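Input: a single structure, listed below in structure tokens.
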Amino acid sequence: MQVIIAKNSGFCRGVQRAVDTAMSVPAENTYVLGEIIHNSHVVSDIKSRGITTVERLEDIPDNATVIFRSHGVPSAYYDECARRSIKVIDCTCNFVRNTQKIVREQSANGKYIVIVGEATHPEVVGLLGWCSGPSIVVKDPDYDFSAIRDKDVCVVAQTTFSVEKFEKIIENIKNLCEKTVAVFKTICYTTYDRQLEAEKLAQRCDAMLVIGGLNSSNTNKLYDVCSAHCKNVFRLSGPEDLDFDKIKNYKSVGIVSGASTPMAQNREVLLKMEEKSTEVNATSSMADVVAKIDSESKFKKGQIVTATISEATDDGLQILLPFSKKEIPLSKDELDCKEYNAADYASKIGETIDLLVVELKPSLKLSQKMIKILAEEESLIADIEAGKEFQVECTGYNKGGLTAAVGTYSVFVPAKEVRPSFVKDLTKYVGKTLRLRALEVKKDGRKKEIIASQRVILQEEKEAREAAKAAKEEEFFANIAVGDVVEGKVERVTAFGAFVSVNGFDCLAHISDLSWTGAKAVTDVLEIGKTYQFKVLKVDKENKKVSIGYKQLQPQPWDLVAEKYSVGDVIHGKVVRIVPFGAFIEVEKGVDGLVHVSQIAYERIETPASVLNVGDEVDAKIISLDPEAKKMNLSIKAILPEPEKKPRAERNSEEAPRRSRAPRRSDDEYSDWSEGSISIGTSLGDLLANAQKNNK
């Protein structure tokens with residue numbers, strides 16, 4: 001018996017991804033919406049991990065995790081999951097995702113959507129959920145299309161639909177419709193290749209075996225194709241359905257399998273044929289065919305396989321892979337356990353264990369702990385795909401941008417995505433932490449890569465700051481007016497004033513508004529970092545400026561004069577200004593008193609400047625005080641000893657009759673007057689000095 005295996009067998013890429021995901025993600029509180037694929041054996045394996053399969057989204061509790069299978073779901077499901085905080089692991093096939101996009105866009109543009117496929121198939125149900133306008137589902141070329149005769153039509157196909165039927169339906173629609181018919185051939189190319197290969201194989205073989213789940217649409221299509229070209233076609237869901245007696249007499253047998261059929265089932269069917277062929281003395285050995293299929297379907301890096309524990313040693317385990325009679329070692333370092341103990345695993349001999357294919361060359365390397373690590377990584381990648389910010393350390397750069405890594409994923413940040421402005425030197429980012437958001441996540445093929453941007457995060461934060469600042473400024477200016485008393489913190493000082501934060505807005509307190517007596521420096525009055533009360537002096541909403549004052553809330557020097565000074569008090573001050581009618585004495589900062597020229601000395605002086613200089617320190621008595629008028633009169637001579645005057649001699653009325661004028665004094669008389677308390681030769685400055693000395 002000659003056995004011919006179709007090259008396009010086993011899982012397609014989309015199904016493989018969905019199954020690998022279900023077999024690797026943490027099982028706790030995780031659900032699959034609908035069977036992950038239409039294959040009871042695979043569904044059973046996933047269930048054994050503790051993952052629950054449900055048919056309705058409402059059966060999944062809030063805050064759980066859901067896996068969307070490769071068939072896809074209606075768009076509303078994503079919104080519902082977000083509302084209920086259900087984490088989505090989206091395994092929708094790329095071909096299905098593309099069809100969803102076409103349906104959404106064409107429907108939004110007013111097209112009448114025609115979906116060619118099975119109305120009850122999950123993929124078609126999901127596609128209908130992306131339509132915003134009218135739509136129909138068609139599976140038969142003889143369908144009555146009169147309802148769409150005058151419509152602008154868009155035609156798509158279920159990815160696993162029959163190519164032959166699809167072409168006939170398109171032809172009938174185009175012949176009937178009067179308006180535009182937009183056709184999108186969305187049948188998966190792998191489906192087309194499988195159908196074409198099945199057709200050719202059925203034409204050359206005496207019998208055909210079609211392996212796959214009985215409810216698998218793509219497998220049923222293969223059965224239809226084979227039946228059209230071969231009389232002897234047998235449908236198998238698995239090796240248990242094989243009746244070798246029905247095929248043992250055929251010279252050539254072809255084997256095809258659907259996209260949801262694992263290669264393991266093909267091998268099981270072949271091994272069963274090998275066992276039976278020995279009994280009937282078949283001329284060809286199935287072992288050669290099994291070896292060939294094994295060689296054509298080698299393990300892939302990242303693949304999860306189920307192995308059986310056959311022995312436990314001090315170095316680790318000996319395991320047996322499916323359909324292999326040769327044991328291979330599994331190092332204890334690759335087991336998911338805190339501490340390896342051979343005795344613990346000795347009791348598990350015969351049990352199965354899930355392992356990840358880590359390396360293929362130079363020898364096959366498997367790991368259990370890597371499944372957990374990758375599951376955690378995939379959880380992180382799911383968050384990254386959902387738009388969550390992540391951080392990485394930049395490890396290098398190239399001409400186009402920066403490079404880094406997240407687990408097994410490489411990360412690339414294009415130069416234009418590093419920051420909002422142009423980056424001239426990329427080298428300075430090496431070794432630095434980057435804050436990123438994914439622009440694209442590539443999982444397909446051997447290369448796993450994240451294209452990311454830091455610019456979008458920085459730009460969003462800048463815009464958010466500016467918006468917050470604008471809102472805060474608007475609120476600030478809506479609630480501030482001239483005359484208000486506000487509290488502010490001194491943030492920084494300059495030569496011309498202090499910038500004070502009032503409710504987060506910078507206001508200027510000019511140096512001239514800090515002290516009634518004037519300030520040489522801002523720090524003479526205010527301290528950086530401290531909070532003070534200020535009065536609003538001016539509000540300029542148009543230019544976003546506010547002027548405030550500190551001195552306006554402080555008492556002026558003259559306001560306290562009445563409390564500090566009284567008439568009769570002797571003050572000590574400095575001559576600050578001299579005028580023809582007197583001198584102004586600074587009693588304290590902001591308070592000046594006037595010493596009239598007549599109050600400087602007892603004797604007559606020509607000008608105040610003849611005896612006083614600016615800067616002289618003097619004592620004086622307050623002789624009048626009017627705080628409201630800001631006037632204080634002082635007297636220096638009031639604290640000086642009054643000069644003693646010599647009494648005049650009595651005149652003899654007889655000797656001195658009435659005279660019109662006094663006779664001229666003799667030299668002796670001038671000499672006697674000069675001997676009084678004030679002599680002609682004594683200066684006023686000396687008198688003031690002596691008087692102040694005595695007063696002290």
Side-chain angles (χ1 to χ4, degrees), residues 460-569 571-577 584-594 622 624-634:
E460 286 175 2
E461 291 179 343
K462 179 183 177 181
E463 292 173 356
R465 287 194 301 269
E466 290 176 349
K469 180 181 178 182
K472 198 169 184 178
E473 285 181 354
E474 183 177 354
E475 181 183 3
F476 177 80
F477 281 101
N479 294 283
I480 194 168
V482 173
D484 288 351
V485 175
V486 296
E487 186 174 79
K489 181 181 179 181
V490 180
E491 297 290 350
R492 61 190 188 281
V493 299
T494 65
F496 57 84
F499 285 95
V500 181
S501 176
V502 178
N503 293 329
F505 186 84
D506 272 359
C507 303
L508 175 64
H510 196 273
I511 192 169
S512 62
D513 289 311
L514 298 183
S515 173
W516 290 110
T517 59
K520 292 183 179 180
V522 174
T523 51
D524 291 342
V525 182
L526 303 177
E527 186 176 338
I528 295 176
K530 284 197 174 182
T531 301
Y532 302 88
Q533 296 287 323
F534 297 88
K535 187 173 184 178
V536 179
L537 306 179
K538 183 180 179 181
V539 177
D540 185 350
K541 294 183 179 180
E542 183 177 352
N543 295 309
K544 306 294 183 185
K545 293 181 180 180
V546 175
S547 297
I548 56 177
Y550 177 72
K551 75 179 185 181
Q552 286 77 6
L553 298 179
Q554 311 305 317
Q556 297 189 43
W558 277 100
D559 293 340
L560 303 176
V561 163
E563 299 177 9
K564 299 167 67 174
Y565 304 101
S566 301
V567 174
D569 290 348
I571 60 89
H572 182 78
K574 181 187 295 184
V575 178
V576 292
R577 193 163 73 257
F584 286 94
I585 310 299
E586 183 184 63
V587 179
E588 62 178 59
K589 281 285 187 180
V591 178
D592 291 347
L594 173 64
I622 300 173
S624 68
L625 182 62
D626 186 354
E628 292 184 4
K630 299 182 180 179
K631 290 184 178 181
M632 178 186 291
N633 290 319
L634 304 172

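On a predicted model such as this, the values are computed, not experimentally measured, just so you know.
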Q: Give the minimum heavy-atom separation between Val525 and Ser515, together with the two atoms involved.
A: CG2-CB, 4.2 Å

Q) Which heavy atom of Val567 sits nearest a heavy atom of Ser624, and at what distance? A) CG2-CA, 4.0 Å

Q. In terms of heavy-atom contacts, does CD of Glu474 have more than 12 from other residues, nucleotides or ligands at under 6.0 Å?
A. no

Q. With sequence neighbours left out, which residue pairs that include part of residues 488-509 fulfil the salt bridge (Lys or Arg N to Asp or Glu O under 4.0 Å) condition?
A. Arg492-Asp506

Q: Using side chain to side chain contact (heavy atoms under 4.5 Å, CB included) as the criterion, point out the one residue from Val502, Asp484, Val485, Ile548 that pairs with Phe534.
A: Ile548

Q. Quick one: does Trp516's side chain have a donor or acceptor within less than 3.5 Å of a partner on Lys589's backbone?
A. no

Q. At what distance, to the nearest 0.5 angstrom, does CG of Asn633 lie from CD1 of Ile585?
A. 12.0 Å

Q | Heavy-atom neighbours of Glu628 CD exceed 12 at 6.0 Å | A | no

Q | Reported CG-to-CZ distance for the pair Leu634 and Phe584, which is rounded to 0.5 angstrom | A | 10.0 Å

Q) Of the non-hydrogen atoms in Ala509 and Val500, which two are nearest, and what is the gap between them? A) CB-CG2, 4.4 Å

Q | Backbone of Glu475 reached by a side-chain donor or acceptor of Asn479 within 3.5 Å | A | yes

Q: Determine, stepwise, if the pair Lys551 / Leu514 fulfils side chain to side chain contact (heavy atoms under 4.5 Å, CB included).
A: CA-CA 5 Å; Lys551 75 179 185 181; Leu514 298 183; 5.8 Å; no

Q: Start with the C-alpha gap between Phe505 and Glu473, add the side-chain angles, then the distance that decides, and say whether side chain to side chain contact (heavy atoms under 4.5 Å, CB included) holds.
A: CA-CA 7 Å; Phe505 186 84; Glu473 285 181 354; 3.9 Å; yes

Q: Would you name the heavy atoms of Pro557 and Thr517 that are closest together and state the gap between them?
A: CG-CG2, 3.8 Å

Q. Does Lys544 NZ have over 12 foreign heavy atoms under 6.0 Å away?
A. yes

Q: Evaluate the side-chain proximity of Trp558 to Met632: yes if any heavy-atom separation is below 4.5 Å, no if none is.
A: yes

Q.
Using side-chain heavy atoms (C-beta onward) and a distance below 4.5 Å, is Leu526 in contact with Val493?
A. no

Q: Would you indicate whether the side-chain heavy atoms of Lys545 and Leu508 approach each other to under 4.5 Å?
A: no

Q: Of all the heavy-atom pairs spanning Lys535 and Leu553, show the shortest one and how long it is.
A: N-CD1, 3.8 Å

Q | Separation between CD of Glu586 and CD of Glu588, rounded to the nearest 0.5 Å | A | 8.5 Å

Q: Find out whether Val546 and Asp540 are in side-chain contact, i.e. whether some heavy atom of one side chain is under 4.5 Å from a heavy atom of the other.
A: no

Q.
Looking at His510, is its backbone amide N or carbonyl O close enough to the side chain of Asp513 to form a donor-acceptor pair, meaning the two atoms are under 3.5 Å apart?
A. no

Q | Leu594 backbone acceptor or donor facing Lys631 side chain under 3.5 Å | A | no

**Q.** Nearest atoms (heavy-atom pairs only) where Glu527 meets Val490
**A.** O-CB, 3.7 Å

Q: Rounded to the nearest 0.5 Å, what's the gap from CG on Leu625 to NZ on Lys630? Could you check?
A: 13.5 Å

